[in-house]
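Below is one structure, written out as C-alpha cells; the observations come after it.
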Amino acid sequence: MSTEEPTRPVDFIRAIINEDNASGKHAGRVHTRFPPEPNGYLHIGHAKSICLNFGIAREYGGKCNLRFDDTNPAKEEQEYVDSIMEDVRWLGFEWDELHYASDYFQQLYDWAVKLIKEGKAYVCDLTGDQVRETRGTLSEPGKNSPFRDRKPQENLELFEQMKAGKFADGARTLRAKIDMASPNFNLRDPVMYRILHAEHHRTGNQWCIYPMYDWTHGESDSLERITHSICTLEFENHRPLYDWYVEALGIFHPQQIEFARLNLTYMVMSKRKLLELVRDKHVTGWNDPRMPTIAGIRRRGYTPEAMRAFCAEIGVSKYDGVVEINVLENAVRADLNKRAPRVQAVLHPLKVVITNYPEGQVEMLDAVNNPEDPAAGTRQLPFSRELYVEQDDFREVPPKKFYRLTVGQEVRLRWGYLIRCTDVVKDPATGEVKELHCTYDPATRGGNAPDGRKVQGTIHWVSAEHALSAEVRLYDHLFKVPAPEDVPAGVDYKTNLNPESLVTLKDCKLEPSLAQAEPGTRFQFERVGYFCVDTVDSKPGKPVFNRTVSLRDSWQKIEKKG
RNA sequence: UGGGUGAUGGUGUAAUGGUAGCACGACUGGCUCUGACCCAGUUAGUCUAGGUUCGAAUCCUAGUCGCCCAGCCA
C-alpha cells in the first residue's frame with residue numbers, strides 16, 4: 001500500500017533549495033547524501049535525516065547517495081554497514097550511489113601532499129596532551145606548534161614516513177596550518193591525519209594513517225558533487241573549516257545546511273548511550289523492541305509508512321527541541337488502524353461458563369476482519385460453553401459508567417451473543433475471582449437482539465477449548481520519565497530506566513487463527529492494542545507477540561476521574 | 001569568559017511587513033457490535049524592553065534565556 005505524505009508548506013531547507021534552483025546555482029541539480037558512520041545501528045533520529053535527504057532527492061528529481069564515513073577503523077564494523085543498508089531500504093529508500101569515505105583515502109592523501117607542498121599543512125610531533133595544552137581556551141588563543149614552520153620538503157618526507165609505518169601510534173600528526181588564535185577551535189591548526197596501526201574493515205592493513213572526519217567529510221561531498229550537504233547543528237562550527245579545505249584545494253564547493261537533530265521524550269538517542277544499554281544488557285540487543293533503533297522499532301511492529309509520516313509530521317528546523325513520544329505513537333496507530341486485521345485476544349484470562357449453553361456444542365460465528373477496510377472480509381470464530389474474557393472486563397463492584405460485566409448487567413460478546421452474569425465463583429481461601437457463570441440469550445446470535453434492546457458494553461472473548469495459548473510481550477517506554485537525561489550531577493541517567501518497560505505474559509488466550517500467523521505480521525487485538533508476531537522468538541505454530549502500541553483508552557481517564 | 005546558533009499555545013511546526021494557521025496533546029459533547037476509529041466544539045502562543053511603520057512574529061537597537069565548540073571521535 002502506498003501512503004502518500006500530504007503536501008505541506010516547505011521547511012527552511014527546501015526553501016533554500018528552491019532559491020538555489022531559481023537562481024540557477026547548480027543548474028537545477030539537486031544531489032544529497034546520507035553519511036552515517038558504521039559504528040552502531042541507525043535510530044529514529046537517523047530516520048529523520050534519511051527521510052530528509054532521500055525525500056528531497058525524490059521530490060526534486062535529484063539523487064541521494066549513501067556514504068559510509070568510515071575514517072576510524074577502531075570503531076567501525078561490517079555488521080553495522082549491513083544493518084544500515086537494511087534499515088535505509090526498509091524505510092523505503094534506495095541510494096543512487098553507494099560510497100565509502102575509505103574509497104577516497106588515496107585521493108585524500110594526494111590532496112594532503114598538495115597542501116603540504118603549498119605550505120598549508122605540516123607534520124607536528126607534539127603529543128596528544130601537548131596539542132591539548134597548546135590549543136588555548138575559550139577566551140585565550142592557542143600557541144603555535146614549534147613544528148609549525150617546518151619546510152615543505154621536510155614535511156613531505158615525514159608524512160611519507162608516517163604513511164610507511166615508520167612511527168608509533170600518536171607519535172606525529174599532519175595538521176592544517178590555519179590560525180591558532182581563531183575564536184573557532186576547529187581552525188586552530190586541526191589534525192588532518194593521525195597514525196593508527198589498526199585494521200580497517202574495508203582497507204585492511206593498507207593504511208596506518210587515517211584521515212580525520214573533518215578532513216574527509218567535505219572532500220567526500222565535493223568528490224560526489226553534493227549540492228546540499230545536510231547535517232545536524234553541532235557541525236555548524238565546522239563549516240568554516242570545510243570551507244577552508246575546499247577553497248585551499250580549489251574543488252567543488254557543496255553547501256552545508258544544518259538542522260536540529262531529533263529528540264524524543266522518554267528516550268535517549270545518543271549512539272554512545274544506546275551502545276551502553278546494549279553492552280550492559282539493559283536491553284536484549286540493538287533490535288530490542290524498546291530501543292529507538294530502526295531495527296528495534298521494526299521488530300516492535302512499526303511500519304515504514306508510519307515512520308515516514310512521523311518524519312513529515314515533525315518537520316525540520318534549527319530549533320533544538322523535544323518531540324513528544326505520542327506523536328510517534330499516533331503515527332503508527334493511524335497507519336495500523338487502516339490496515340491491521342482485527343483479532344480477539346485475551347491477555348489476562350478469566351474463565352466464563354455459559355450455563356445455559358449446551359455442553360459439547362460448538363458454533364462458528366462470522367467476524368469482520370477490519371471495519372476500516374471492507375475488502376479485508378470476514379472470518380469465523382468458534383464459540384462454545386466455556387470462554388475466556390479479560391479480567392478487567394469484570395468488576396464485582398462496578399465503578400460509575402462501567403458498561404462491562406458485573407452481576408446482572410447484560411453485555412455483548414463481540415460477534416457473539418448477549419450474556420448476563422449470574423454468579424461469581426471465588427477461591428474460598430483468598431477471595432480471588434476464579435470463574436464467572438453467565439447465561440446467554442440464544443436469540444442474539446451474532447450480537448444483535450431481535451427486540452432491538454441496546455447494550456452499552458461489548459467485550460472480546462475467546463473459546464476456551466479452541467484458544468491458542470501464547471506469550472505476549474507488553475512493551476512500554478524504556479524510561480519512566482520524559483527527560484531521562486535530566487539528572488542531577490553525579491546521578492546516572494540509567495536510574496531512570498523503566499523497570500516495567502517489558503512485561504511478559506506467558507499464557508494469553510488468542511483466537512485459534514493466530515497459530516498460523518507469520519513472523520512480522522501485524523494485528524489489532526481488539527480493544528487492547530496493535531501487536532505483531534515477533535521475528536526472533538516465534539516458532540512455527542507457536543507465535544510470540546509484541547505490543548507495538550496500545551489503543552487509546554478513554555475508559556482509563558473516566559475511571560481515574562471517578 | 002571568546003565564537004557559532006536559536007527562541008511562535010503543553011509539544012512540534014507554518015505565516016518572510018497585512019486576519020497568528022496546522023498537527024499532536026488536554027478538555028466538552030456526538031456516533032459506535034472495539035470506551036478504538038470517526039465527527040463537532042473548547043482551551044491555549046509570537047522571550048523582554050524600546051524603536052521604525054497606517055500596520056511588526058517578521059525590520060532596527062539593547063537585553064534575557066537555551067543549545068553547540070577546548071578528541072589524534074564522528
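Per chain, numbering begins at 1; letters A, B, ... match sequence-line order.
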- Note on the structure: Looking only at B:C24, B:U34, B:G4, the nucleotide nearest the A:Pro371 side chain is B:U34
- Task: With the side chain of A:Glu234 defined as its heavy atoms from C-beta on, choose the nearest nucleotide among B:G25, B:A74, B:U34.
- Result: B:A74
- Message: Less than 4.0 angstrom between a side-chain N/O of A:Thr137 and OP1 or OP2 of B:A70, yes or no?
- Response: no
- Item | Protein-nucleotide distance (A:His238, atom NE2; B:C69, atom P), rounded to Å | 8 Å
- Just checking A:Lys557: base, sugar-phosphate only, or nothing, at a heavy-atom cut-off of under 4.0 Å? sugar-phosphate
- Compare side-chain N and O positions of A:Arg342 against OP1 and OP2 of B:A36 and report whether any pair is under 4.0 Å apart. no
- Query: Contact class for A:Leu551 (heavy atom, under 4.0 Å): base, sugar-phosphate, or nothing?
  - Reply: base
- Item | Lys NZ or Arg CZ of A:Arg150 over A:Tyr122 ring: under 6.0 Å, within 45° | no
- side-chain N/O A:Ser182 vs B:G3 OP1/OP2, d < 4.0 Å: no
- Which is true for A:Arg404 with a 4.0 Å heavy-atom rule: it touches a base, it touches only sugar-phosphate, or it touches nothing? base
- Across the strands shown, which category fits A:Thr127 at heavy-atom distances under 4.0 angstrom: base, sugar-phosphate, nothing? base
- Which whole-number value in Å describes the distance from A:Leu126 CG to B:C72 C1'? 11 Å
- Task: May I ask you to say what A:Ser554 touches in the nucleic acid, namely base, sugar-phosphate or nothing, with a heavy-atom cut-off under 4.0 Å?
- Result: sugar-phosphate
- Tell me what A:Val455 touches on the nucleic acid: a base, only sugar-phosphate, or nothing, going by heavy atoms under 4.0 Å. nothing
- Task: Tell me yes or no: between the side chains of A:His201 and A:Tyr80, is some donor less than 3.5 Å from an acceptor?
- Result: no
- From the list A:Phe159, A:Phe105, A:Tyr210, A:Tyr213, ring pair (Phe, Tyr, Trp, His ring centres under 6.0 Å) with A:Tyr193 holds only for A:Phe159
- Message: What is the separation between atom CZ on A:Phe402 and atom P on B:G35, rounded to the nearest whole Å?
- Response: 11 Å
- Query: Under 4.0 angstrom, heavy atoms only, what part of the nucleic acid is A:Val316 near: base, sugar-phosphate, or nothing?
  - Reply: sugar-phosphate
- Query: Going by modelled atom types, is there a donor-acceptor pair between the base of B:C73 and the side chain of A:Asn72 at under 3.5 Å?
  - Reply: no
- Task: Quick one: label A:Glu236 by what it contacts on the DNA or RNA (base, sugar-phosphate, nothing), any heavy atom closer than 4.0 Å.
- Result: sugar-phosphate
- For B:A36, does OP1 or OP2 lie under 4.0 Å from any side-chain N or O of A:Arg333? no
- Does OP1 or OP2 of B:A74 have a side-chain N or O of A:Thr71 closer than 4.0 Å? yes
- Message: For a quick check of understanding: with a heavy-atom distance under 4.0 Å over all strands, which category does A:Gly447 fall into, base, sugar-phosphate or nothing?
- Response: base
- For the side chain of A:Gln524, starting at C-beta, report the closest nucleotide among B:U34, B:G2, B:U11. B:U34
- Looking at every strand, decide which applies to A:Asp11 at a 4.0 Å heavy-atom threshold: base, sugar-phosphate, or nothing. sugar-phosphate
- Message: Less than 3.5 Å apart, any donor N or O on the side chain of A:Glu37 or A:Asn72 sitting next to an acceptor on the other?
- Response: no
- Side-chain-base donor-acceptor pair under 3.5 Å for A:Asn330 and B:G25: no
